[in-house]
**Q** 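The structure that follows is given in the form of structure tokens.
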Amino acid sequence: MIFWRAIAAATLLAAAPALLAGEIPPDARRSGYSFMGPDTRAMQDDDTSNPGMLFVLDGGALWAKKAGSADKACADCHGDATTSMKGVAARYPAFDKALARPITLDQRINLCRANHQQAPALPYESRDLLALSAFVAHQSRGVAITAGDDPELKPFVAQGRDLFMQREGQLNLACTNCHDDNFDKRLAGSPITQGQPTGYPLYRLEWQTLGSIERRLRSCMTGVRAQAYDYGAPELVALELYLMSRARGLAMETPAVRP
């Protein structure tokens, strides 16, 4: 599947060299939801049909469960997530003063586990980490994205933008070639969206499970025959930060459903 998508990407972009449009104006930016067919939209809209909601429910249970040698639950510090977590995911990745760099929501969860629960970090893409992240992000559903507003994030947003514009891999393609220049077309039968990360972690029908934006970015890198960065790498965090800042003003919709 990845091989044929790579071939399709190369064919599409080789056949349309004159369609390079540059960055999308802020008022023309659209959630991936607007590119989906009626069946996918219906699945996302109905919480009883949205498979990502199973992870949200698991995350709610983990939120209340004591963990680590400190024998603390997330709820012991943060209380009712419907109020304490509302709007939080909409501003991540956020600048961490102690680390002097941006961190993702997944990394914040693991820092809280280490520092306050004295519990081991949850592996990237593990069900428990995805569930907690989905539960926290779900509390911001409908809230406008504000990521990237912190002045201390400016150089990291710029780094992410450079990576977004940078060609890589054997196919010599950049993120911008698909998501700025060729959105609203189709690639291997699937719609090309603008790449606005409004619903992560989201449920991809291709994956048959929930996944993070880092998984999606790594998949794209593999698709253009580039070496994917490791989970948690500064480059992936910078890319996520740029994408979230690029989506500023769009509403959070976790857990989204995509093909």
Side-chain angles (χ1 to χ4, degrees), residues 9 12-13 16-17 19-32 34-35 89-97 99-108 137 144-185 187 192-202 211-253 256 258:
L12 170 69
L13 296 173
L19 300 181
L20 303 182
E23 292 183 75
I24 303 167
D27 60 357
R29 293 174 185 174
R30 297 157 50 195
S31 161
S34 70
F35 297 84
R91 60 181 177 83
Y92 269 81
F95 189 80
D96 183 276
K97 292 187 182 298
L99 297 175
R101 60 176 172 82
I103 59 171
T104 66
L105 181 60
D106 285 352
Q107 291 171 331
R108 172 59 68 201
I145 292 171
T146 59
D149 282 350
D150 187 339
E152 291 184 287
L153 290 171
K154 186 175 180 180
F156 301 98
V157 173
Q159 178 193 9
R161 182 187 180 279
D162 288 345
L163 290 166
F164 187 83
M165 301 294 175
Q166 176 181 296
R167 291 178 180 269
E168 62 177 347
Q170 292 177 345
L171 297 187
N172 194 33
L173 295 175
C175 309
T176 187
N177 295 136
C178 283
H179 299 295
D180 282 339
D181 299 334
N182 285 289
F183 69 86
D184 253 345
K185 298 181 179 64
L187 179 61
I192 301 176
T193 73
Q194 295 180 353
Q196 309 291 359
T198 53
Y200 284 94
L202 55 72
S212 71
I213 187 173
E214 292 197 19
R215 179 176 179 179
R216 187 72 189 103
L217 290 170
R218 284 167 50 85
S219 177
C220 284
M221 290 171 186
T222 302
V224 300
R225 298 293 185 268
Q227 178 64 48
Y229 298 112
D230 292 336
Y231 282 105
E235 293 86 354
L236 284 182
V237 176
L239 259 175
E240 180 178 345
L241 173 60
Y242 169 68
L243 288 171
M244 284 292 281
S245 69
R246 178 174 172 265
R248 193 179 297 122
L250 296 179
M252 292 284 294
E253 50 189 278
R258 299 290 185 263

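In this chain, residues are counted from 1 in sequence order.
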**Q** Regarding Arg246 and Asp180, does a basic nitrogen lie under 4.0 Å from an acidic carboxylate oxygen?
**A**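 Salt bridge flag = yes for Asp180 with Arg246.
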**Q** Taking the cut-offs as 6.0 angstrom to the six-membered ring centre and 45 degrees off its axis, would you call Arg218 and Tyr231 a cation-pi pair?
**A** yes
**Q** Contact between Tyr200 and Arg258 at the side-chain level, heavy atoms closer than 4.5 Å - yes or no?
**A**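 Side chain of Tyr200 against side chain of Arg258, heavy atoms only: no contact under 4.5 Å found.
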**Q** Is there a donor-acceptor pair under 3.5 Å between the side chain of His179 and the backbone N or O of Ile192?
**A** no
**Q** Please step through side-chain contact (heavy atoms from CB on, under 4.5 Å) for the pair Met252 and Ile145, ending with a clear verdict.
**A** CA-CA 6 Å; Met252 292 284 294; Ile145 292 171; 3.7 Å; yes
**Q** Could you tell me if Thr198 and Glu253 have a donor-acceptor pair between their side chains, going purely by distance under 3.5 Å?
**A** yes
**Q** Taking all non-hydrogen atoms of both residues into account, name the closest pair between Pro155 and Pro151 and its distance.
**A** CD-O, 4.3 Å
**Q** Can you tell me how far OG of Ser219 sits from CD1 of Ile213, rounded to the nearest 0.5 angstrom?
**A**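 Reported to 0.5 Å precision, the distance equals 12.5 Å.
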**Q** If you define the side chain from C-beta out and look only at heavy atoms, does anything of Gln107 sit under 4.5 Å from Val237?
**A**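 Contact flag for Gln107/Val237 side chains = yes.
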**Q** Provide the closest heavy-atom pair for Phe156 versus Ala238 in the form atom of the first, atom of the second, distance.
**A** O-CB, 3.8 Å
**Q** Is there a donor-acceptor contact under 3.5 Å from the side chain of Arg248 to the main chain of Ala147?
**A**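 Confirmed, Arg248 side chain pairs with Ala147 backbone.
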**Q** Tell me yes or no: between the side chains of Glu168 and Gln166, is some donor less than 3.5 Å from an acceptor?
**A**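 The criterion, which ignores hydrogens and geometry beyond distance, is not satisfied for Gln166 and Glu168.
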**Q** Determine whether Phe183 and Thr193 make a side-chain contact, defined as any pair of heavy atoms from C-beta on separated by less than 4.5 Å.
**A** no
**Q** Kindly say whether Ala28 contributes a backbone atom to a donor-acceptor pair with the side chain of Gln194 at under 3.5 angstrom?
**A**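 Yes, Gln194 side chain to Ala28 backbone: donor-acceptor pair under 3.5 Å.
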**Q** For the OH atom of Tyr242 and the CG atom of Leu153, what is their distance to the nearest 0.5 Å?
**A** 15.0 Å
**Q** Tell me if a side-chain donor or acceptor on Asp96 pairs with a main-chain N or O of Leu99 at a distance below 3.5 Å.
**A**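 Such a contact is found between Asp96 side chain and Leu99 backbone.
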**Q** Can you find a pair of side-chain heavy atoms, one from Tyr229 and one from Leu163, that are under 4.5 Å apart?
**A** yes
**Q** Rounded to the nearest 0.5 Å, what separation is found between the CE atom of Met221 and the CG atom of Leu173?
**A**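 One finds 13.0 Å between CE of Met221 and CG of Leu173.
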**Q** Does the side chain of Glu214 come within less than 4.5 Å of Thr104's, by heavy atoms?
**A** yes
**Q** With distance as the sole test, does Arg108 use its side chain to make a donor-acceptor pair with the main-chain N or O of Ile103 at under 3.5 Å?
**A**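 A pair under 3.5 Å: no.
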**Q** Do you know which two heavy atoms are closest between Ala144 and Gly249, and how far apart they sit?
**A**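 For Ala144 versus Gly249, the nearest heavy atoms are CB-O, 3.9 Å.
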**Q** Could you give the distance from CE (Met244) to OH (Tyr92), rounded to the nearest 0.5 Å?
**A** 11.5 Å
**Q** How close do Val157 and Gly148 get, counting heavy atoms only, and between which atoms?
**A** CG2-CA, 4.4 Å
**Q** Rounded to the nearest 0.5 Å, what separates atom OG1 in Thr176 from atom CE in Met165?
**A** 4.0 Å
**Q** Once you round to the nearest 0.5 Å, how far does CG of Leu217 lie from SG of Cys175?
**A**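 The CG atom of Leu217 sits 7.0 Å away from the SG atom of Cys175.
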**Q** List the atom of Pro93, the atom of Pro102, and the distance in Å for their closest heavy-atom pair.
**A**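 Here Pro93 and Pro102 meet closest at CB-CB, 4.4 Å.
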**Q** Any cation-pi pair here, Arg30 with Phe35, using under 6.0 Å and within 45°?
**A** yes
**Q** Does the pair Glu23/Arg161 count as a salt bridge with the N-to-O cut at 4.0 Å?
**A**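 Looking at Glu23 and Arg161, the cut-off is met.
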**Q** Check for a donor-acceptor pair, side chain of Arg167 on one end and backbone N or O of Asn172 on the other, with a separation under 3.5 Å.
**A**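 Yes, Arg167 side chain to Asn172 backbone: donor-acceptor pair under 3.5 Å.
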